[in-house]
Amino acid sequence: MKQNYIITSIIKTKIGNFLLEFEKDNILKFLPTKRKAFLINGFAKNIENHVNNYFSGKENSFSFRLKPNGTNFQRKVWLEALKIKYGETCSYFDIANKISTSPRAVGNACAKNPCLLFIPCHRIINKNNVLGNYQMGINIKKILLNLEKEAR
DNA sequence: GACTACGCTATCC
DNA sequence: GGATAGCGTAGTC
């Protein structure tokens, strides 16, 4: 029987190194890390290229297959986040309405997003246009949103 | 039961 | 009108 192995690699981006975990062509995790960059194979290199294109404004959507680990509820929130288009934002309140829950719970799920950037939870902000919070800090959130606004 | 990447309201300058 | 504090809320650990 053939088995799929989970592969880890560290890729380098403008805003720091990211730990990439994938299984075949499904991305399981994409999180910031302090570890030194290393690439395992062509797939990781491919991701790195796409991410760097994104950071230089040349690319505005990712078409990777994601396989994030989470509860049903978290997946529902992430699915809604994926629907937010490049350069647009949505409030926690809006997302909460769509899946009939509370904004607090939406924030909770976003905080556990294992695929930063690919699941664009940086596009989810507070209702009163305040940015809210972010796993990598609100500075990064600000940078990402500005990048998308200008590149559009 | 405690903890949130929220939002609303009341209350204070 | 702006700043702050308190509380309701829903999901997770």
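All chains are named by letter (A, B, ...) in the order of the sequence lines, taking the proteins before the strands, and each is independently numbered beginning at 1.
Distance CZ (A:Arg104) to P (B:dA2): 15 Å, rounded to an integer number of Å. The distance between atom CD of A:Glu80 and atom C1' of C:dA10, rounded to the nearest whole Å, is 17 Å. Computed from coordinates, the A:Leu145 CG to B:dA5 P distance equals 18 Å when rounded to whole Å. Rounded to whole Å, the distance from CG on A:Asp94 to C1' on B:dG7 is 12 Å. Taking atom CD1 of residue A:Ile99 and atom P of nucleotide C:dA10, one finds them 13 Å apart after rounding to whole Å. Summarising the geometry, the separation between CG on A:Asn113 and C1' on B:dA5 is reported as 11 Å, rounded to the nearest angstrom. Whole-Å rounding puts the A:Leu131 CG to B:dC6 P distance at 11 Å. Distance, A:Asn108 CG to C:dT12 C1': 6 Å, rounded to whole Å.
No cation-pi contact links A:Lys14 to A:Phe55, judged by a cut-off of 6.0 Å to the six-membered ring centre and 45° from its axis.
For A:Gly132 against A:Asn126, the heavy-atom pair with the smallest separation is CA-OD1, 3.2 Å.
Within the 4.0 angstrom heavy-atom criterion, base atoms lie near A:Tyr92. Using a 4.0 Å heavy-atom distance criterion, A:Asn126 is classed as a sugar-phosphate-only contact. Looking at heavy-atom distances under 4.0 Å, A:Tyr134 makes contact with a base.
Enclosure of atom CG in A:Leu82 by more than 12 non-hydrogen atoms of other residues, nucleotides or ligands within 6.0 angstrom is indicated.
Close to C:dG11, at under 4.0 Å from its OP1 or OP2, lies a side-chain N or O of A:Thr101. Put simply, A:Lys127 has a side-chain N or O that comes within less than 4.0 Å of OP1 or OP2 on B:dC8. For the pair A:Thr71 and C:dG11, the criterion of a side-chain N or O lying under 4.0 Å from OP1 or OP2 is not met.
Where DNA chain C pairs in unbroken runs of 3 or more (Watson-Crick or G-U, both distances under 3.5 Å), the stems are B:1-4 with C:10-13, B:6-13 with C:1-8.
Classification of the A:Phe30-A:Phe18 ring pair by plane angle, with boundaries at 30° and 60°, yields parallel.
Counting heavy atoms from C-beta outward, A:Ile99 and A:Leu79 have side chains that stay 4.5 Å or more apart. By the 4.5 Å heavy-atom criterion applied to side chains, A:Ile125 and A:Leu145 are counted as neighbours.
Candidate nucleotides B:dC6, B:dA5, C:dA10 were compared by shortest atom distance to the side chain of A:Pro103, and B:dC6 ranks first. With B:dC6, B:dA5, C:dG11 as the choices, the nucleotide that has an atom nearest any side-chain atom of A:Cys121 turns out to be B:dA5. Side-chain proximity of A:Ala111 to the nucleotides C:dT12, B:dA5, B:dG7 is greatest for B:dA5.
Hydrophobic cluster membership is shared by A:Ile140 and A:Leu147, with clusters built from Ile, Leu, Val, Met, Phe, Trp and Tyr side chains linked at under 4.5 angstrom.
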